[in-house]
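Start at 1 with the first residue, then count along the sequence. First listed ligand is number 1; within each ligand, the first listed atom is number 1. Atom set for the values below is all heavy atoms of this structure, side chains included, hydrogens, waters and symmetry mates excluded.
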Amino acid sequence: MQIEHLLEAVRQELPAPRFEHTLRVQKLAVKFAQRMGIDKDRTSIAAILHDYCKFWPKEKLVSWIRKYKLPDDLLDYHSELWHAPVGAEVAARHFGIMDEEILQAIRYHTTGRPCMSTLEKIIFLADLLEPGRRFPGVEELRSDADRDIDWAVWKALDHTICYLVERRQKIYPLTMLARNYFLEIAREKDLREEST
Ligand code: DGI
Ligand code: FE
Ligand code: FE
């Protein structure tokens with residue numbers, strides 16, 4: 001019921017190709033969720049709302065960041081980063097989502113962060129790996145995601161960081177912290193695998 005209502009609201013907010021991206025993210029996120037034992041409906045809600053603000057004008061995003069005291073250091077970085085924390089704010093204020101883990105998954109779906117919950121990792125990866133995404137290395141990342149979610153998050157962050165470096169873009173520090181964190185987790189898992 002709530003999911004149908006959210007889908008309709010998002011359909012009205014987004015251009016058709018972006019809405020279709022959202023549906024593909026939902027489908028892949030639910031597939032990951034089933035595999036990891038995470039609730040399907042909470043996963044769907046996070047996926048459906050994750051890009052709600054993607055096409056808001058920059059001025060509107062900036063005014064929400066200021067008005068609701070979201071991290072304003074984001075304003076010194078790529079404007080692509082702004083729709084995620086504002087999306088979480090809209091999910092809470094406009095759609096009444098109270099589930100903090102769903103809000104975190106929306107809030108950090110672009111930058112990532114250290115210590116992401118399983119739901120956050122699922123949304124982060126499904127967004128990057130949904131079947132409409134085509135970039136060099138995507139197939140390898142998809143098979144990483146099928147093997148180990150932490151490993152895949154590390155590789156995905158490496159990929160995005162390399163992409164940004166090649167384009168001479170700034171990198172938001174939280175993305176670097178997330179990358180270092182998941183590198184460490186992946187290494188630990190790897191060591192455990194080697195020692196068994
Ligand atoms: O909204 P989507 O296009 O579905 O995907 P997204 O929310 O993950 O946005 C990704 C874009 O953000 C991607 O083109 C890279 C760009 N970006 C710019 N600066 C940063 C960044 N991504 C991360 N993770 N960190 C940055 O500092
Ligand atoms: Fe996004
Ligand atoms: Fe997205």
Query raised in the report: Would you call the rings of His159 and Tyr163 parallel, tilted or perpendicular if under 30° counts as parallel and over 60° as perpendicular?
Result: parallel
[atom] [closest protein heavy-atom partner, distance rounded to 0.1 Å]:
{"atom": "atom 21 (C) of ligand 1", "value": "Leu81 CD2, 3.6 Å"}
{"atom": "atom 24 (N) of ligand 1", "value": "Thr110 O, 2.8 Å"}
{"atom": "atom 19 (N) of ligand 1", "value": "His78 CB, 3.6 Å"}
{"atom": "atom 14 (O) of ligand 1", "value": "Tyr163 CE2, 4.2 Å"}

Taking heavy atoms and a distance under 4.0 Å, where does [X] meet ligand 1: side chain, backbone, both or neither?
{"X": "Thr111", "result": "backbone"}
{"X": "His83", "result": "side chain"}
{"X": "Leu128", "result": "neither"}
{"X": "Arg18", "result": "side chain"}
{"X": "Ile161", "result": "neither"}
{"X": "Arg179", "result": "neither"}

Query raised in the report: Considering distance alone, does some N or O of Asp51 sit under 3.5 Å from an N or O of ligand 1?
Result: yes
Requested in this report: Return a yes/no value for His21: is any of its N or O atoms, backbone included, closer than 3.5 angstrom to an N or O of ligand 1?
Outcome: yes
Report yes or no: does [X] contribute a side-chain atom to a donor-acceptor pair with the main-chain N or O of [Y] at less than 3.5 Å?
{"X": "Trp151", "Y": "Asp144", "answer": "no"}
{"X": "Arg142", "Y": "Leu129", "answer": "yes"}
{"X": "Arg133", "Y": "Asp127", "answer": "yes"}
{"X": "Thr175", "Y": "Thr111", "answer": "yes"}

Under 4.0 Å from a heavy atom of [X]: which atoms of ligand 1 are those, numbered in the order shown and with their elements?
{"X": "His109", "result": "7 (O)"}
{"X": "Asp127", "result": "4 (O), 5 (O), 6 (P), 7 (O), 8 (O)"}
{"X": "Glu80", "result": "9 (O), 11 (C), 12 (O)"}
{"X": "Thr160", "result": "22 (N), 23 (C), 24 (N)"}
{"X": "Ile171", "result": "27 (O)"}
{"X": "Tyr172", "result": "26 (C), 27 (O)"}
{"X": "Thr175", "result": "23 (C), 24 (N), 25 (N), 26 (C), 27 (O)"}

Roughly how far, to the nearest 0.5 Å, is [atom2] of [Y] from [atom1] of [X]?
{"X": "Thr43", "Y": "Lys31", "atom1": "OG1", "atom2": "NZ", "answer": "14.0 Å"}
{"X": "Thr110", "Y": "Leu128", "atom1": "OG1", "atom2": "CG", "answer": "10.5 Å"}
{"X": "Ile45", "Y": "Ile106", "atom1": "CD1", "atom2": "CD1", "answer": "9.0 Å"}

Tell me whether [X] is salt-bridged to [Y], with the criterion being a basic N under 4.0 Å from an acidic carboxylate O.
{"X": "Glu100", "Y": "Arg107", "answer": "yes"}
{"X": "Asp76", "Y": "Lys170", "answer": "no"}
{"X": "Lys155", "Y": "Glu140", "answer": "no"}
{"X": "Asp72", "Y": "Arg66", "answer": "no"}

Report task. Might you point out which heavy atoms bring Ala145 and Phe32 nearest each other, and give the distance in Å? Result -> CB-CZ, 4.0 Å
How is the N/O/S atom of [X] that comes nearest to the Fe ion (ligand 3) named?
{"X": "His50", "result": "NE2"}
{"X": "Asp127", "result": "OD1"}
{"X": "Asp51", "result": "OD2"}

**Report entry** Sub-4.0 Å protein heavy atom next to atom 26 (C) of ligand 1
**Finding:** yes
Report summary line: the Fe ion (ligand 2) -> His109, closest N, O or S atom is NE2
Query raised in the report: Strictly by modelled atom types, are Asp158 and Trp154 linked by a side-chain donor-acceptor pair under 3.5 Å?
Result: yes
Query raised in the report: Is Leu157 linked to Val25 within one hydrophobic cluster, defined over Ile, Leu, Val, Met, Phe, Trp and Tyr using a side-chain heavy-atom separation of less than 4.5 Å?
Result: no
Query raised in the report: Evaluating non-hydrogen atoms only, which member of Arg167, Lys54, Arg133 is closest to atom 1 (O) of ligand 1?
Result: Lys54
Report task. Answer yes or no as to whether an N/O/S atom of Glu80 is found below 2.8 Å from the Fe ion (ligand 2). Result -> no
